[in-house]
Each structure stands twice: as structure tokens, then as C-alpha cells.
S.K.: 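Structure incoming, see below.
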Number of protein chains: 2
Amino acid sequence: MKPNARERLIEGTRQLLWERGYVGTSPTAILARSGVGQGSMYHHFDGKPDLVLAAEQRSAELMQQQIAEAFAVEGTALERITGYLKRERDVLRGCSVGRLTADPEVMADDTLRAPIREAFEVQHEHLRRTIAEGVADGEFAGDLDIDETASAIAAVIQGGYALARAAQAVEPFDRAIRGVLSLLRASAPRAN
Amino acid sequence: MKPNARERLIEGTRQLLWERGYVGTSPTAILARSGVGQGSMYHHFDGKPDLVLAAEQRSAELMQQQIAEAFAVEGTALERITGYLKRERDVLRGCSVGRLTADPEVMADDTLRAPIREAFEVQHEHLRRTIAEGVADGEFAGDLDIDETASAIAAVIQGGYALARAAQAVEPFDRAIRGVLSLLRASAPRAN
DNA sequence: GTCTATATTCGGATAGAC
DNA sequence: GTCTATCCGAATATAGAC
């Protein structure tokens, strides 16, 4: 119980939001998961929305970190994109940030939506920059639309989770990733 | 109030599930949305899970119908796929079937998950058949992996919704769709 | 078949003691 | 700062009248 009640509350809420979304995450469940008492919760946070915001910011932060790390490696553009898409993921769990786009309470509130929006903007920037480098290096076709390609890749990740969960199997996710990577590879100017 | 209390209950539940998911859909809200009384609901259905199953089946059925219609048109494989991806959609509302993959109550119960799984299987079959035709006709590269490509396309749709909702704008969805279509077009054997 | 009444549990929070 | 007690309304039903 040492690691700071505040910290434990944020992490417990983050996990619950990831699994069950906004309505599915009750104060009672948060307390049980965090191992702190009710008094602590209302001491550190104004209420559920406030705590949820802190948990969201944490998830968004972690997502941005993982993206930055994945793209910080050496290699060609295709290698870095492949590395990011194929990095270790708990596929059936899905994306802790993407999950929240399903929640109307989160989407309807600009404050609660902001961390989600920003995390995807950062992801888009990393993809766009890397694809642009690939085009500049002649690795990808010169007429490839950078933004469209970046959005397609980001969508494959989020949608891959949905397909995998529907099937309760990792395979559809992996297939979708391999599919978009093959298309990207095939779009190379003349090589391959 | 004529169109059958049962029918109204299914449609009301379907809409609520679409918007708010399983936990977010309360009996009280269903009654309000459907305009029927509590007695009717427990007369026609065993309880919430039973009614939810009926609503899911309806959503899955509608999705399968729309897919079948979109692919029943004349045209090249690319034209039919483009037509399906660009057909009218209420993008910010997302997919009534895909939404449910976010719900742990639905994913944990094989009975409740079945309609979702089946709808995506049917979608995959349509995509796979159409892509296979495109390959046979020399429209797409001969070494294109049919299943991987089909999964990538299906993922772009579902993930596109997530990106659009995060931004509260249709643009990311449209960009992702255009992106995957460009990649598909660019993968053509030698044409273009 | 549909309605109203009632029951039980939980969600979300306040109050005040320690 | 954390704990326990308490509060009110909503979620999810059951019972029984019409």
C-alpha cells in the first residue's frame, strides 16, 4: 500500500477503464482494485470524472512513450513501421486509449476527450514523418499520400483489435497487420 | 405503439447498445426509448441478456445485408470494394456491431459474442471473394495474400471509426479509407 | 399482454470521526 | 490523509392486478 494512494488509484482506474469503459468503471470497483479506502479517493480527487481524467492522461502518456520508443530505433522507414506494428501487444486486451472512443461520456466531454485526441495526433505525426522519410529515400512510391497512408496504418491497428476480440483470437489482428505491411511494401517504386 | 412491442423493444435496445454498450444500456432507458411498459418487456424477454441477444442479432443481420447489397453491384473488384468502403455511413456513430467488441460482458459470453463473430466472418468472406476475383482478373498483384488483405480492409473500417470519434471529425475515417484504397490500387501488377 | 407496486442491490457521493 | 457511517437515486428484477 505504500506506492502512494493517489498513484494506486490512477493505475486501478486506468485498468478498469481499459477493460470496462466509463460507465462500467464504478468507484467501488476502483477502491477494490486499488486497495485504498473511500476516504482516500475523495480526498485525492473531486469525484469520478476527475479521477478518470487523470487515468486517461496516464494511458495517453504511456501510449506516446511506446510510440516514441518504437520509432527511435535505427533502420529504414519500412523497418521502423514494421517494428512498431509488430511490437509486443496484448492484442485481446486492445488499446487502453482506443477503448475510450467507444464511451459516449468521454466523447461528449471535450476535457475527457482531449488526452485521446492528442495521443492519436502524436501517433499520426510519428507515422507521417517516417513515411515521408521513406518517400524521400525512394523507399516508397513518390505519389504516396503521406497523411492518408498514416491514417490507414493507425486504423489497421485499432480495427485489428476489434476483429481479434470479435473472434477471441489474435490471428485477425496479425493478418490485418501483415496485410497492410504487404500493401505498403508492394507500393515500392520498382524494387521488390 | 402499434408496430409490435417486441419489435420496438428490439430496435430501442439496438440503438442504445450502439450508443452506450452493454453496461450503459439500462432496462429503464430501453423502456423510455421503446415507448413500452415494464410489463411488456418482461413478458417478451427473459431479461436484459435475452433482449440484448435479440438486438445484437438484428444488428448483425442488418450489417450482413448492407455488405451483401454493396458487393452485389456490377463492376471490377476494385470498384466494388471502393463502393463498399465509400458507401454512406454515419461515421461518428461508428459500427453497431463493432461497438460491442468493446464490451467485456459481450466478449466473455459465447452466446452474446456469436452474432458479432458471424457478422465479421461474413464480411471477411465477401472481401476475400472479391479480392480473389481481382487477382484472377489480373487487377491485383498475383502474390497478394487474399486473407491478409481482406483483414486489413476490414480493420481500416473499424479503426477508422475510432480515429474519427477521437477527433470528433469524419476526416480521419475518410483519409484511412482513401489510404488503403490507394495502396490497393498501387499494388496492381503493372497498370496505373 | 400490459400496467403498477414493490424489493434488493449497487452507483456515486457527503459527513464527520480518527 | 484515511476510515466508517450514511444517503439518495438508479439498475434489475418479481408480484400480482387488469
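Worth saying up front: this structure is predicted, and the values here are computed from it rather than measured. Order of the sequence lines fixes the chain letters, A, B, ..., with proteins taken first and strands second; residue numbering starts at 1 for each chain.
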S.K.: From the set C:dG12, D:dA11, D:dA13, return the single nucleotide nearest to any side-chain atom of B:Ser26.
M.R.: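 Nearest listed nucleotide: D:dA11.
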
S.K.: If you check every side-chain atom of A:Ser40, which of D:dT4, D:dT2, C:dT2 has the closest atom?
M.R.: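 When the side chain of A:Ser40 is considered, D:dT2 is the closest of D:dT4, D:dT2, C:dT2.
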
S.K.: Against the six-membered ring of A:Tyr84, is A:Arg89 placed for a cation-pi contact (under 6.0 Å from the centre, within 45° of the normal)?
M.R.: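 Relative to the ring axis of A:Tyr84, which defines the angle, A:Arg89 lies inside both limits.
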
S.K.: Nearest-Å distance, NZ (A:Lys48) to P (C:dC10)?
M.R.: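 Rounded to the whole Å, the gap is 16 Å.
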
S.K.: Which whole-number value in Å describes the distance from B:Ile30 CD1 to D:dA10 P?
M.R.: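 Going from CD1 in B:Ile30 over to P in D:dA10 covers 17 Å.
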
S.K.: Round to a whole Å and report the spacing from CZ of A:Phe45 to C1' of D:dG1.
M.R.: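 After rounding, the gap between these two atoms is 13 Å.
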
S.K.: Using only atom types and a distance under 3.5 Å, with no angle test, would you say the side chain of B:Arg175 pairs donor to acceptor with the backbone of A:Ser151?
M.R.: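 Absent.
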
S.K.: How do A:Gly39 and A:Pro27 order along DNA chain C: which one's closest nucleotide is nearer the 5' end?
M.R.: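 Closest to the 5' end, via its nearest nucleotide, is A:Pro27.
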
S.K.: Does a side-chain heavy-atom distance below 4.5 Å link B:Arg128 with B:Thr149?
M.R.: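 When only atoms from C-beta onward are counted, B:Thr149 and B:Arg128 do not touch, as no gap falls below 4.5 Å.
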
S.K.: Take the protein atom CG of A:Asp46 and the nucleotide atom C1' of C:dT14, then report the distance between them rounded to whole Å.
M.R.: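 For the pair A:Asp46 CG and C:dT14 C1', the rounded distance is 14 Å.
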
S.K.: Using a cut-off of strictly less than 4.0 Å, decide whether A:His44 has a side-chain nitrogen or oxygen near OP1 or OP2 of D:dT2.
M.R.: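 Yes, because at least one side-chain N or O of A:His44 sits under 4.0 Å from OP1 or OP2 of D:dT2.
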
S.K.: Atom CG of B:Leu51 and atom P of D:dA13: how far apart are they, to the nearest Å?
M.R.: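 So the CG-P distance, B:Leu51 to D:dA13, works out to 10 Å.
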
S.K.: Roughly how many Å is it from CG in B:Leu9 to C1' in C:dT2, rounded to a whole number?
M.R.: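 Atom-to-atom, B:Leu9 to C:dT2, this comes out as 12 Å.
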
S.K.: Could you check whether any side-chain heavy atom of A:Gln158 comes within less than 4.5 Å of a side-chain heavy atom of A:Phe120, counting everything from C-beta outward?
M.R.: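 Contact flag for A:Gln158/A:Phe120 side chains = yes.
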
S.K.: Nearest whole Å is fine: how far is C:dG11 P from A:Leu16 CG?
M.R.: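 Whole-Å distance recorded here is 11 Å.
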
S.K.: Reckon A:Thr28 has a side-chain N or O less than 4.0 Å from the OP1 or OP2 of C:dG11?
M.R.: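 Indeed, a polar side-chain atom of A:Thr28 lies that close.
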
S.K.: Of all the nucleotides listed (C:dG12, D:dC3, C:dG1), which has the minimum atom distance to the side chain of A:Tyr42?
M.R.: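 So the side chain of A:Tyr42 is nearest to C:dG12.
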
S.K.: When you check the gap from the basic side-chain N to the acidic O, do B:Arg14 and B:Glu61 get nearer than 4.0 Å?
M.R.: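 Looking at B:Glu61 together with B:Arg14, the answer is no, because their closest N to O distance does not fall below 4.0 Å.
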
S.K.: B:His43 NE2 to C:dT4 C1': how many Å, rounded?
M.R.: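 Whole-Å distance recorded here is 17 Å.
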
